[in-house]
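Down below is the structure, laid out as structure tokens.
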Protein chains: 2
Amino acid sequence: MTTSTPRPRASLGDYRAIARALRDEITAGRYRPGDQIPSERALAAEHGAARNTAREAIAELRREGLVIAKHGRGVFVRDRPRWMRFGRRRYSAAMRSSSELGPFGAEAIAQGRAPHVDSTITRAEAAPDVATRLGIEPGAAIVRRENWYFADGEPVQVGITFAPWHIVEDTPLADSADMGPEGIYGQFSARGHVITYIREEISARMPSREEAERMQIPDGVPVIDLWHTGIDAARLPFEVTHFVMRADSTALDYDMPVEEQ
Amino acid sequence: MTTSTPRPRASLGDYRAIARALRDEITAGRYRPGDQIPSERALAAEHGAARNTAREAIAELRREGLVIAKHGRGVFVRDRPRWMRFGRRRYSAAMRSSSELGPFGAEAIAQGRAPHVDSTITRAEAAPDVATRLGIEPGAAIVRRENWYFADGEPVQVGITFAPWHIVEDTPLADSADMGPEGIYGQFSARGHVITYIREEISARMPSREEAERMQIPDGVPVIDLWHTGIDAARLPFEVTHFVMRADSTALDYDMPVEEQ
DNA sequence: CACGTCACCTGGCTCAAGCCAGTTTGACAC
DNA sequence: GTGTCAAACTGGCTTGAGCCAGGTGACGTG
């Protein structure tokens, strides 16, 4: 300690107060999306607090997803990303034939964003998660199709599709990224599996560190974790897809009859 | 500074390293749910770091939802909460008549947890959010039924139901918590609105500070934000409910036909 | 004009110290 | 035995210092 001053107990020195002040200014529109907020050092001076305290206030706003810090550049108010909505209709035949882009591309364009998909296709063995949903034995041969979906160059969701190998064998499903004009469900149709019912299991959680890095998810943004199962007219599951979606830019939207079909 | 020692740059002094070490011990089962992990001071000593650094490591684990800190007592490994699943069936007539508890109570009991609901019923005016979903004018008279759902005494979700006043007038819906044996949808049925379709708009986000406090949501746990609309056989919406659910203990589970009914 | 380089910003992280407020525990008085 | 109260723990928060690394722009040199 420099001197033995009893530390005058700073006037307000509360990181929550600083956070609140900033939050208010942001929500009031004094700082707009993309604007830079004062630096940690400036905030500290302004509030008569230590830099660490200002830093803690900023950490709180980051956790809330209000701001985003860029090393060496500053802290900026987050853009409220545009929402992309997905629901039951993305699987309908109408959607399928109306667009070469698939449901993701169609929604992206509807939101004025440029879609782009990266695919990696491999053969694999069914993990228990997948096997139970497909009604097959764990370890059975499957195809694994990992798709990264980008809007305006930003990754917004990943979907990993699994299907039994005996269904996809000798079709583009087994090894090609190009699903033709009818998309992936057109290919399954051609093999006799018309998507008729879907099951969607939805939860949310914080991304793992790895997911946060690969999807460039800022602090304070959760992900939607969605297991989708495609079921054919014979009530047999033929495909499951595990989606992980940025929750700040994705909403799910379902309408359905209440009673059993 | 006490002296002008050049600070020997701690051996590892990385909060991420400490966090990783702890995380590994937790996932490996060395610390089990409910166990107390070493105190901030002990961790710091153990790793030859400053207490602040150990503290930062713990903060990371809290954000990840792995541990929970109790002031004055210590830091404990979180119990993995049991999941409650909700889906389309909770609105079905079968569910309605089978249980006096409603879908929440039924699911809680299925999970071996004791359900409990707190209700506050008021008359209000429709906010734009609500009005557009109900297809009425903003500001129109509505009933507002706020329900807090508890499992084993812990609040796990809130649902605020809104319905037009002209529908609920002179029924228990307008002012009573007791919905009778058929539950809330039984009451709507009696007024000519049989729930036939539902629309569910789902997203996820971090809880606000206030929500986190009222629902006792630990750090690092997001919430599922669900707008539910009840639609009758004439395709008219008669009720909307805004749910906020702890995402670490709630999953949504829908199965539905792909095509329009 | 192009290109480097360097000062000066930014946030990221750490340290060592200290005060405060909850919680537990055990010694001591009654 | 029962109650009380203080000591010794816990986490919560703050200070002010310092080093590091990324980013930017002015300035100077070729």
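This structure is a prediction, so every number in the text was calculated from the model and none was measured. Naming: A, B, ... by sequence-line order, numbering from 1 per chain.
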Think Arg16(A) has a side-chain N or O under 4.0 angstrom from the OP1 or OP2 of dC13(D)? yes

Find the distance Tyr15(B):OH to dG12(C):C1' and express it as a whole number of Å. 8 Å

Examine the base of dG22(D) for any acceptor or donor lying under 3.5 Å from a partner atom in the side chain of Arg73(A), and report the outcome as yes or no. no

When you measure from the side chain of Thr53(A), which nucleotide among dG12(D), dT14(D), dG12(C) comes out closest? dT14(D)

dG11(D) base / His71(B) side chain donor-acceptor hit below 3.5 Å: yes

Does any N or O donor sit under 3.5 Å from an N or O acceptor when you compare the side chain of Arg51(A) with the base of dG18(D)? yes

Between Phe150(B) and Pro155(B), the two heavy atoms sitting closest are CD2-N, 3.5 Å

Look at the aromatic rings of Trp227(A) and Phe162(A) and report parallel, tilted or perpendicular, splitting at 30° and 60°. parallel

Let me know the distance between CZ of Arg55(B) and P of dC15(C), rounded to the nearest Å. 15 Å

DNA chain C: 5'-proximal contact among Asn52(A) and Val75(A) (nearest heavy atom): Val75(A)

Verify the neighbour count for atom CZ of Arg20(A): are there more than 12 heavy atoms of other residues, nucleotides or ligands below 6.0 Å? no

Partners passing side-chain hydrogen bond (donor to acceptor under 3.5 Å, both in side chains) against Thr229(A) (at least two apart in sequence or in another chain): none

Closer to the 5' end of DNA chain D via nearest nucleotide, is it Lys70(A) or Glu56(A)? Glu56(A)

Distance check needed: dT14(D) C1' versus Glu40(A) CD, whole Å only. 15 Å

Measure CD/Glu60(A) against C1'/dC13(D) and give the value in whole Å, please. 13 Å

Using heavy-atom distances to pick each residue's nearest nucleotide on DNA chain D, tell me which of Ala42(B) and Ala54(A) is more 5'. Ala42(B)

